[in-house]
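Everything numeric in this text was worked out from a predicted model, so none of it was measured. Note on naming: letters A, B, ... go to the chains in the order of the sequence lines (proteins, then strands), and numbering restarts at 1 for each one.
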Number of protein chains: 2
Amino acid sequence: MSGVHHQGPACQRPMAQQWRNMNRTASIKDVANQARVAVGTVSNVLNYPDRVSQRTKDRVLAAIEELGFIRNDAARQLRAGHSRTIGLIVPDVGNPFYTSMARAAETAAVLQGSAVLLGDSSQDAGRESNYIDLFQEQRVQGLLISPVGDVTDRLQALRDRGIPSVLVDRSADASSFSSVSVDDDAGGYLAARHLLDTGRRRLAFVGGPVSIQQVADRLHGARRAVAENPDASLEVLDSDGQTVLAGRRVGNDLVGRGPQVLPDGIFCANDLLALGVMQSLAMTHTYRIPEDTALIGYDDIDFAESAVVPLSSIRQPTEALGRTAIELLAEELETGSSAHRSVIFTPELVVRHSTSRTIFGS
Amino acid sequence: MSGVHHQGPACQRPMAQQWRNMNRTASIKDVANQARVAVGTVSNVLNYPDRVSQRTKDRVLAAIEELGFIRNDAARQLRAGHSRTIGLIVPDVGNPFYTSMARAAETAAVLQGSAVLLGDSSQDAGRESNYIDLFQEQRVQGLLISPVGDVTDRLQALRDRGIPSVLVDRSADASSFSSVSVDDDAGGYLAARHLLDTGRRRLAFVGGPVSIQQVADRLHGARRAVAENPDASLEVLDSDGQTVLAGRRVGNDLVGRGPQVLPDGIFCANDLLALGVMQSLAMTHTYRIPEDTALIGYDDIDFAESAVVPLSSIRQPTEALGRTAIELLAEELETGSSAHRSVIFTPELVVRHSTSRTIFGS
DNA sequence: TCGTAATAATGAAACGATTCAAGTAATCGA
DNA sequence: TCGATTACTTGAATCGTTTCATTATTACGA
């Protein structure tokens, strides 16, 4: 726009400057000209203020102010070879568990001077891979990932290129990657054990594709608990997805069942699923929680407490997860990613009304 | 690891190559060498495949594959002058309303070939400003922002530099910016009108600092409704913050009141606050919802439906908001941000049990 | 066989910051 | 006043792409 503009005599004096302000955003060179110093000096003012005398520093800062100069990050990181950015890939930003963790990670990252790029893989291996591509093109410093598909090869390749990864909410043999996770097997055990302890025997596990490690581990833990009671059984209900909606679908199926085949204790792989199941049961008024069937979720998101029937859950330390993930990544960056560490947190049972003991037979 | 490696005769043949793989990530130049073509040709293969003959294209692609070449985005955007990224600043990623919108925006952006950088200002004008700085350094294509502080000046400056902004969830006079929003005044009216229609007269509005536009508008709408009933009153309870926790604090205050001074209808500026209030009331068992006081929220997040007492709310079209915001931004980018548009959606009342009519005097 | 298009391929220049070896100015002790 | 430090400043080289004016190659009709 406004490309034609004769150099007539009507032009105002500070024209060149005006042009610059309008057209292009000022570069370090423009600042150098304005302040009548060399570009290197401007750079020093920005990066090593001690190396510059007060007098010139003032001049340069004034010029920066006047031109409204903003560093071009692309140029910086081209020179530096890497960005000041950390990639974070989570399976579902709609899940408060992940947003909570992401927030903690972001806070920790900002403290150490990095920004966090957040990607939502939506439980989709393809999207996940796309994000890895994107982050690789961006030359992120490192990657935090709560993987959905099988990404070990890709992460290995990244690491060979000097981009370390930390697995989040997923344990790894420390030989290949650092990781920070919560003991899902123990959590699954806790949940099922609690249902058994309150008298339930016909348990059901509701969980997305078992190909997801977390789901598999939680199920495994539950199986372990159930195996301790010979008269107990565990049915597995596959939910496609880990959302409230998916939970509602499973709930609708359950509602159609007769009381004899209804599980008397339901363990959902996360709170979203549990709330979905709860919605179905509550809406149809066919069965009551916890009288007809107990319900326990996983993650202990904020909304579990304020659910129709306050939801029992397994609490994970989201803040600690996010913070530690960043710390581990920082370690890898310093040590040159030679050694890896795995931090495993322990989950915690939170009992609420959805599993309270009832006057119960067997 | 493996830093020392004498050039003894035991070395394998493709050593130079091996070094390259280990050390540096391959550049377009390396690819050019490997494929025995000029750098420009490689670039053409990547950007204008039609300009290159099949033969050389094959050679280049093979080289890319072999070296594991990954474009360096920093270099690209240094040359291009801008990134392929859109900045999005929201006040609270813990609020499902915003994540939902962000997701919609992200989806729409990916379709048009851009990535979205998500920033959480945490309702803090300082953080908000920091994100604007960051995005400006990153030379984002454009900015979607749900502003907390007064950012008009900054956005104006950005626009002058060719970076357009779209205000999200906040209307603007179309003279300066495009915006996409929901009529908050109408929403506030809807909510208060509904409480009045179901017999409530002593209303309370719970909302964060009124300095936030959305809060102010919703309150204004509520006032408008209340003014229509001479015997109705509206009390304003300031919550510091818009979170579940803030709501719980307000709720605890309410619980301490005698029944005469307890509002019989509470309108919270968003669902998080409402759920917090609900938690307090439910935990102490002092007052019941909706018998002693009705409760209505705003946003209609997924969790409203599965609350202890299913929460009435005002629904906003989050998907449409996010999608439209990206569309408006795309328009600005095409037209050179000359003209601006404001899209205003209409909110919708969703009635659930938390406001159901009770056997009630006047 | 030659001239003329069309088609491919080339490689230098530019983008904007950082780095660093080299140069200049100021300071100080003798 | 000189030489030696120290304190600042300079500006060319560099990072990895894309662009584009040239040059090389090929194809085709006369």
Item to check | Presence of A/Y48 side-chain N/O under 4.0 Å of C/dT18 phosphate oxygens OP1/OP2 | outcome: no
Item to check | Length of the CG-P vector between A/D30 and C/dG16, whole Å | outcome: 8 Å
Checklist entry - Reckon B/R76 touches a base, only the sugar-phosphate, or nothing at all at heavy-atom distances under 4.0 Å? => result sugar-phosphate
Checklist entry - Can you tell me how far C1' of C/dG16 sits from CG of A/D73, to the nearest Å? => result 11 Å
Item to check | pair B/L61-B/E65: side-chain heavy atoms closer than 4.5 Å | outcome: no
Table of protein N/O atoms under 3.5 Å from nucleotides 6-9 of chain D N/O atoms:
residue	atom	partner	partner atom	Å
D/dT9	OP1	A/S53	OG	3.0
D/dT9	OP1	A/T56	OG1	2.9
D/dT9	OP2	A/S53	N	3.1
D/dT9	OP2	A/T56	OG1	3.1

Checklist entry - So A/Q141 and A/I163, side chain to side chain contact (heavy atoms under 4.5 Å, CB included) or not? Walk me through it. => result CA-CA 6 Å; A/Q141 289 183 285; A/I163 300 181; over 6 Å; no
Checklist entry - Atom CG of B/L78 and atom P of C/dA17: how far apart are they, to the nearest Å? => result 9 Å
Checklist entry - Quantified as the angle between the terminal helix axes (five pairs each), what is the overall bend of the helix from C/dT1-D/dA30 to C/dA30-D/dT1 to 10 degrees? => result 50°
Checklist outcome for this item: Tightest non-hydrogen contact, residues B/L158 and B/S165, listed as CD1-OG, 4.4 Å
Next on the checklist: Determine whether A/V31 and A/V60 satisfy the following criterion, side chain to side chain contact (heavy atoms under 4.5 Å, CB included), listing intermediate values before the conclusion.
Outcome noted: CA-CA 7 Å; A/V31 174; A/V60 170; 4.3 Å; yes
Next on the checklist: For a 4.5 angstrom cut-off between non-hydrogen side-chain atoms, does B/F135 reach B/L143?
Outcome noted: yes
Next on the checklist: Without decimals, in angstroms, what is the distance between B/H82 NE2 and D/dT17 C1'?
Outcome noted: 13 Å
Checklist entry - Phosphate oxygens OP1/OP2 of C/dC15: is one of them under 4.0 Å from a side-chain N or O of B/R139? => result no
Checklist entry - Which residues pass the side-chain contact (heavy atoms from CB on, under 4.5 Å) test with B/Q77, sequence neighbours left out? => result A/A74, B/D73, B/S83
Checklist entry - Would A/L88 and A/V116 satisfy side chain to side chain contact (heavy atoms under 4.5 Å, CB included), going step by step from the backbone distance to the final call? => result CA-CA 7 Å; A/L88 169 56; A/V116 169; 3.9 Å; yes
Checklist entry - Do any side-chain nitrogens or oxygens of A/N72 fall under 4.0 Å of OP1 or OP2 in C/dA17? => result no
Item to check | Side-chain heavy-atom pair B/L321, B/T324 within 4.5 angstrom cut-off | outcome: no
Next on the checklist: Whole angstroms only, please: what is the CG-C1' distance between A/N33 and C/dG16?
Outcome noted: 13 Å
Item to check | Protein-nucleotide distance (A/R79, atom CZ; C/dT18, atom P), rounded to Å | outcome: 10 Å
Checklist entry - Within this structure, what is the CG-to-C1' distance between B/L46 and D/dG16, rounded to whole angstrom? => result 12 Å
Checklist outcome for this item: Considering only heavy side-chain atoms of B/N47, the closest of D/dT18, C/dA17, C/dT19 is D/dT18
Checklist entry - When we call it a touch if two heavy atoms are under 4.0 Å apart, what does A/S27 touch: a base, just sugar-phosphate, or nothing? => result sugar-phosphate
Checklist entry - In whole angstroms, how far is the P atom of D/dT10 from the NZ atom of A/K29? => result 15 Å
Checklist entry - Within the distance-only criterion (no hydrogens, no angle test), does the side chain of B/E128 pair as donor or acceptor with the backbone N or O of B/V148 below 3.5 angstrom? => result yes
